[in-house]
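Excluded from the calculations below are hydrogen atoms, water molecules and symmetry mates; all remaining heavy atoms, backbone and side chain alike, are included. Chain naming here is simple, since letters A, B, ... match the order of the sequence lines and numbering starts at 1 in each.
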Number of protein chains: 2
Amino acid sequence: IVKREVVQLITPGTVMEGGALTEKQNNYFVSLTEADGQIVVVAVDMTTGEVRVTKVNETDALNEISSYRAREIVLASELSEAFLQQIKERVSATFSIEENETALEEAETVASSLQDDACKRGIYRAIHYVKRTTKRALDHLQEATYYEPRQFLLMDVHSKRNLELVETVREKKKAGSLLSVLDKTETSMGARLLKQWIERPAISVQEIKDRQELVSAFIDGFFERVEVRELLRGVYDLERLSGRISFGNVNGRDLLQLKNSLLQVPKIVENVRALNTSFGEKLVQSMEDMSPVVALLEESIKEDCPISITEGDLIKDGYNSTLDDYRHVMQNGKSWIAELEQKERQETGIKTLKVGFNKVFGYYIEVTKANVRLLPEGRYERKQTLTNAERYVTPELKEREVLILEAEEKSEKLEHTLFLEIREQVKSYIQQLQLVAKRISTIDCLQSFAEVAEQHNYVEPTFTEDRSLQLKESRHPVVEQVIDAGDYVANDIELRDDRQMLLITGPNMAGKSTYMRQVALTSIMAQIGSFVPATEARLPIFDQIFTRIGAADDLASGQSTFMVEMLETKQAVLHATDRSLLLLDEIGRGTSTYDGMALAQAIMEYIHDEIGAKTLFSTHYHELTALSETLPKLWNVHVSAKEENDSIVFLHKVVEGAADRSYGIYVAELAELPYGLITRAKSILQTLESERDREPQAEPE
Amino acid sequence: IVKREVVQLITPGTVMEGGALTEKQNNYFVSLTEADGQIVVVAVDMTTGEVRVTKVNETDALNEISSYRAREIVLASELSEAFLQQIKERVSATFSIEENETALEEAETVASSLQDDACKRGIYRAIHYVKRTTKRALDHLQEATYYEPRQFLLMDVHSKRNLELVETVREKKKAGSLLSVLDKTETSMGARLLKQWIERPAISVQEIKDRQELVSAFIDGFFERVEVRELLRGVYDLERLSGRISFGNVNGRDLLQLKNSLLQVPKIVENVRALNTSFGEKLVQSMEDMSPVVALLEESIKEDCPISITEGDLIKDGYNSTLDDYRHVMQNGKSWIAELEQKERQETGIKTLKVGFNKVFGYYIEVTKANVRLLPEGRYERKQTLTNAERYVTPELKEREVLILEAEEKSEKLEHTLFLEIREQVKSYIQQLQLVAKRISTIDCLQSFAEVAEQHNYVEPTFTEDRSLQLKESRHPVVEQVIDAGDYVANDIELRDDRQMLLITGPNMAGKSTYMRQVALTSIMAQIGSFVPATEARLPIFDQIFTRIGAADDLASGQSTFMVEMLETKQAVLHATDRSLLLLDEIGRGTSTYDGMALAQAIMEYIHDEIGAKTLFSTHYHELTALSETLPKLWNVHVSAKEENDSIVFLHKVVEGAADRSYGIYVAELAELPYGLITRAKSILQTLESERDREPQAEPE
């Protein structure tokens with residue numbers, strides 16, 4: 001029995017190619033390290049070499065793990081059981097143990113920018129794990145980026161899901177998500193970066209304005225944008241290519257792709273420069289000159305090389321003189337054989353005589369049975385008898401054969417060696433390559449924003465210092481695309497510190513939740529640098545967005561809807577600040593009338609008095625509209641409807657003030673419930689309403 | 001160019017085998033024929049030969065089409081466009097046009113029992129279509145059964161879906177449905193019949209009691225049941241087999257399956273007889289004696305016959321003397337050749353000499369090159385030269401060859417002819433075969449009920465004349481299986497003409513909708529002849545069941561939830577009678593408080609005063625509980641909860657009276673909302689409640 005050593009373990013987090021990977025998504029694994037009650041979360045994408053690290057409390061760690069959609073989680077066995085349990089409830093990933101967190105040489109570059117010891121241990125753990133499983137070089141791992149979740153606009157997992165940022169709630173498909181609207185990227189790298197941005201919008205005004213500057217220029221520079229998009233289409237996935245170069249997984253065709261991609265870069269730089277923006281200039285300036293790599297590949301790799309790297313035909317003539325010599329011998333030998341065929345035909349007079357080759361016998365001379373009698377005795381040595389022919393060899397033919405076959409073998413070996421050398425040379429450029437990849441991705445995202453903005457008439461948002469928000473003719477970016485042009489009703493929205501909460505009433509079919517969602521989506525778009533669907537947009541920089549919007553998926557999971565409602569509401573009221581945005585849809589709906597009304601009122605009062613977050617609150621409790629008398633920063637708005645020929649038309653228009661009536665009974669009439677039943681309902685309603693009008697609202701504190 | 005004639009068109013509705021079919025489901029196509037404002041619906045399952053026909057109004061026709069899950073709909077082009085549109089909204093099927101509805105001979109047997117001309121036209125249309133597409137014999141089509149939807153317990157499509165009778169709402173899977181609980185059938189035919197029963201429960205007490213009698217006997221007769229289950233496992237799909245026999249689609253192995261299945265029948269009959277029930281006796285008496293078929297197949301078809309029916313080896317020795325003769329010649333010839341090999345080896349002294357056969361040269365004698373020199377000159381005629389051997393023939397060898405090959409060819413042809421004859425003979429038994437299949441399916445369903453009843457401790461329900469319903473310790477058949485034994489809380493339910501409606505209040509997590517559903521599911525189980533999950537069960541025969549239960553799927557479809565609520569409610573109030581069961585969950589929830597409350601009250605009053613249907617009505621409007629004072633047949637019940645150490649335990653127990661309080665604020669406390677917020681909510685609630693108590697309820701009419 002031959003003892004086999006494990007050469008390489010492929011795990012969900014370290015897979016480098018094949019069906020398990022999705023082009024337009026990162027493939028992160030996460031390592032977790034305990035640090036005095038906090039958790040160091042390290043996220044590594046082996047395919048791109050990206051390494052991110054943060055140190056947070058357990059709750060935030062859970063959010064981070066979810067938002068990376070980690071497929072594998074690497075941890076030490078001493079991690080608390082309770083915390084592990086919470087992770088398992090949230091994500092379905094492979095869990096792998098890696099106890100070793102000692103310093104190691106390979107990790108020094110990756111960890112070089114980190115000060116914190118715990119963070120360094122986290123990096124070491126991740127890299128020990130990768131080293132142990134993949135057993136390959138890790139040169140493509142980039143310097144780790146330390147970040148804090150608060151450097152980005154925070155959204156919890158529920159909110160991201162409810163807002164359908166990167167996939168729809170129900171079908172888990174990209175189509176129908178914000179991502180699908182914004183994604184006009186041309187490269188997989190760009191698509192991945194866009195997804196990262198949407199998952200973590202910026203909170204730095206400068207960062208956002210930089211992006212806006214280039215988006216704006218791309219909108220104006222139509223020809224440059226068309227040109228850049230065309231050029232990007234010729235750029236392959238440089239991030240993953242560099243990962244595979246480092247892993248030694250590339251073949252000749254990959255290197256050709258690399259070369260062709262790099263050939264696009266100077267032309268992209270030129271077009272971006274032509275836009276004349278300071279951010280664009282910064283982006284392209286940092287693009288290192290990759291011409292040595294291009295030149296190397298240009299002179300070495302054949303344009304039509306095969307996938308295999310061990311069977312020759314990879315390296316261009318003129319690149320290596322020994323190889324050229326071998327090729328000369330092979331070429332010569334083959335011409336000699338061609339001449340031999342001519343010569344023997346003439347000398348024997350057999351026109352059908354031919355020289356052939358097969359793997360078992362090598363070169364031979366073949367004569368048909370009918371012609372065998374024409375051969376002079378002893379001219380050739382018989383080698384093989386077929387049904388209709390005989391095959392022969394001669395000593396000089398065999399001599400040549402040896403020369404040719406030797407040269408072939410040597411040249412294949414030499415080509416393989418040369419290829420590995422070229423690959424090593426390319427490897428030394430990995431860091432520059434990764435930088436280029438990052439810049440190209442950014443350019444790709446920003447041209448995509450420009451493309452989308454132009455196509456859908458978006459406007460460039462400006463940012464307010466006073467936390468106020470004004471949107472004119474704002475639309476929902478996804479919904480407006482599925483509704484016939486002209487039918488979509490745009491809405492104005494205004495929030496200020498003295499108009500902090502909107503209480504939204506109105507009939508059920510009129511689109512209250514679309515209205516609420518579009519405010520959140522517009523804010524997110526603005527904070528990733530995109531333009532937004534409105535005719536005018538002035539927005540604050542939000543620090544957090546919380547949503548509690550009727551979630552279809554809760555019904556299925558069997559957890560009580562009302563408990564979910566309360567848990568999500570708790571997240572909102574505990575963590576929100578006066579710079580946050582809250583969307584609360586029909587809070588209190590899941591319990592009995594008075595209970596629900598009391599909770600809704602108490603929650604509104606709490607947000608109004610204690611938090612001061614910008615809040616959109618929709619409700620069926622029309623009674624709550626009276627609260628605007630006691631809560632000065634609460635304003636009523638309602639979705640309007642009008643009666644027309646005894647039916648109602650929902651206008652989808654949000655206007656100031658409380659809804660003057662509800663349309664439930666009208667809907668019942670539309671559905672053609674019995675006449676007597678409808679009349680009775682109307683009379684009951686009248687009684688209820690006259691009672692209410694006689695009665696004061698629950699007193700505020 | 002050869003002109004090809006269409007031999008057979010395979011359409012979704014007429015497919016007879018292969019991946020498009022599901023074993024345990026019927027594959028109906030439906031034909032529609034207009035008849036003075038009514039619609040004749042004909043449903044045909046080509047695989048089993050079943051034909052069903054009814055004449056109904058358009059609304060009922062839509063329900064019928066949905067409940068057949070028709071994959072193809074055959075209609076005349078004059079059918080109204082509006083009606084066609086409605087069908088298309090409901091089902092996704094292939095639509096095929098068949099204008100011809102003239103009488104035709106092949107349809108006479110099928111239509112023989114029908115009086116109504118329109119129904120006959122419907123049958124003709126269906127059969128013209130089948131004839132035109134399949135171009136095959138239709139002997140297996142059974143005599144059409146005329147029925148009226150009102151012969152069964154009526155449920156609309158929404159109710160069937162909401163109750164998850166045959167598949168779950170969300171995943172569209174059988175697991176988790178009522179069908180999955182009840183299906184312990186052993187044959188595909190049984191599984192199909194069970195599904196039909198669940199889709200259309202009976203309303204005839206006699207029919208139900210017949211079934212119960214046999215279920216009961218199967219429960220007591222443990223050994224008979226085990227034996228019957230074992231025997232059923234050996235019965236193939238006789239229904240579909242008979243369809244394929246008629247279509248000429250069967251091979252030798254199918255006929256063996258038929259034989260083996262029929263061999264089980266007498267043993268099944270014997271065991272059912274041993275149970276000594278009058279219904280069982282009736283079932284097995286009508287089972288025709290199939291022994292002639294068994295005997296025919298026993299003497300004719302080889303046990304190990306191949307799939308092909310044209311390459312021989314199908315028919316047993318002794319069945320046909322000419323075939324036996326051919327086989328003798330073949331056998332003889334082959335021995336002669338074996339002897340020849342021996343003889344030639346001796347005479348030439350070449351031990352490696354052998355006789356072989358190939359398709360091109362026929363029989364030959366092969367001698368290796370080394371031994372060729374040992375052959376006397378001219379002994380054989382050379383035929384073929386190989387690298388290492390020469391092949392020869394002799395005139396007498398060739399003579400024999402002709403004899404053998406001729407006999408082989410003739411015997412293959414004869415076997416094919418004999419096989420077709422046998423198939424025709426079997427075909428003449430199709431009607432008896434179909435009858436056996438039907439009886440076997442029924443026995444299979446009833447043993448399945450016995451198996452399930454024993455496994456889950458079901459009780460035999462009795463039926464009341466006075467429309468009253470009493471269930472003791474009733475359970476939800478599906479939910480009880482996913483909850484740990486012992487944790488499930490059973491409930492009593494009582495409805496009478498003077499206790500016609502239950503208004504159910506109580507906290508959200510406590511399982512109000514499970515309670516409501518279990519009443520409907522228990523009634524359906526009772527009306528298909530199954531035992532039910534309770535310790536005592538007395539039930540009326542319901543004519544219709546309507547449900548309006550929070551349906552997750554509406555959310556997705558984008559239609560306004562409240563409009564759906566009202567449309568489904570309309571169906572219930574328009575069609576229900578005093579023999580119907582209504583389940584209305586949180587009606588009025590989808591609109592504003594007063595609107596919803598007014599509608600809920602008006603609907604309850606209408607059902608109470610005008611319809612008198614047995615009704616379970618759950619609500620969050622605790623205010624509605626006061627209605628019991630003015631509606632004498634309305635009783636309040638509530639799902640109980642108790643407070644324990646400052647938290648609440650939901651007991652899932654339904655008890656008499658209105659809930660004394662709601663637990664919404666407690667849930668908010670459990671979710672750990674801020675203390676101040678909770679206190680404030682409690683105080684608001686107090687104010688609201690004291691106001692209510694001061695104020696009389698909306699006056700009844």
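Contacts with chain A were tallied for Thr619(B), Val573(B), Leu386(B), Ile603(B); Ile603(B) has the most, counting heavy-atom pairs under 4.5 Å. Counting heavy-atom pairs closer than 4.5 Å to chain B, the top residue among Ala602(A), Gly596(A), Pro674(A) is Ala602(A).
Nearest approach of Met597(B) to Leu688(A), heavy atoms of both residues: CB-CD1, 4.2 Å. The heavy-atom pair separating Glu672(B) from Lys570(A) by the smallest distance is O-CD, 3.1 Å. Asp595(A) and Ile665(B) get closest at one heavy-atom pair: OD2-N, 3.4 Å. Closest approach of Leu599(A) and Ala668(B) over heavy atoms only: CD2-CB, 3.7 Å. Of all heavy-atom pairs between Ala681(B) and Ala598(A), the closest is O-CB, 3.4 Å.
Surrounding NZ of Lys369(B) are more than 12 heavy atoms belonging to other residues, nucleotides or ligands, all under 6.0 Å away. In this structure, Gln686(A) places its CD atom where only 12 or fewer heavy-atom neighbours from other residues, nucleotides or ligands lie under 6.0 Å away.
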Would you sort out whether Glu605(A) and Ile684(B) count as a side-chain contact (heavy atoms from CB on, under 4.5 Å), showing the intermediate values? CA-CA 11 Å; Glu605(A) 288 175 2; Ile684(B) 297 170; 4.3 Å; yes

Please walk me through it: do Thr593(B) and His622(A) pass side-chain contact (heavy atoms from CB on, under 4.5 Å)? CA-CA 7 Å; Thr593(B) 322; His622(A) 284 209; 5.9 Å; no

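Side-chain N or O atoms of Thr569(B) include none that pairs as donor or acceptor with a backbone N or O of Leu673(A) at under 3.5 Å.
With a threshold of 4.5 angstrom between heavy atoms, Tyr606(A) approaches chain B through side-chain atoms but not through N, CA, C or O.
Remark: Gln601(A) CD to Thr687(B) OG1 distance equals 8.5 Å, nearest 0.5 Å.
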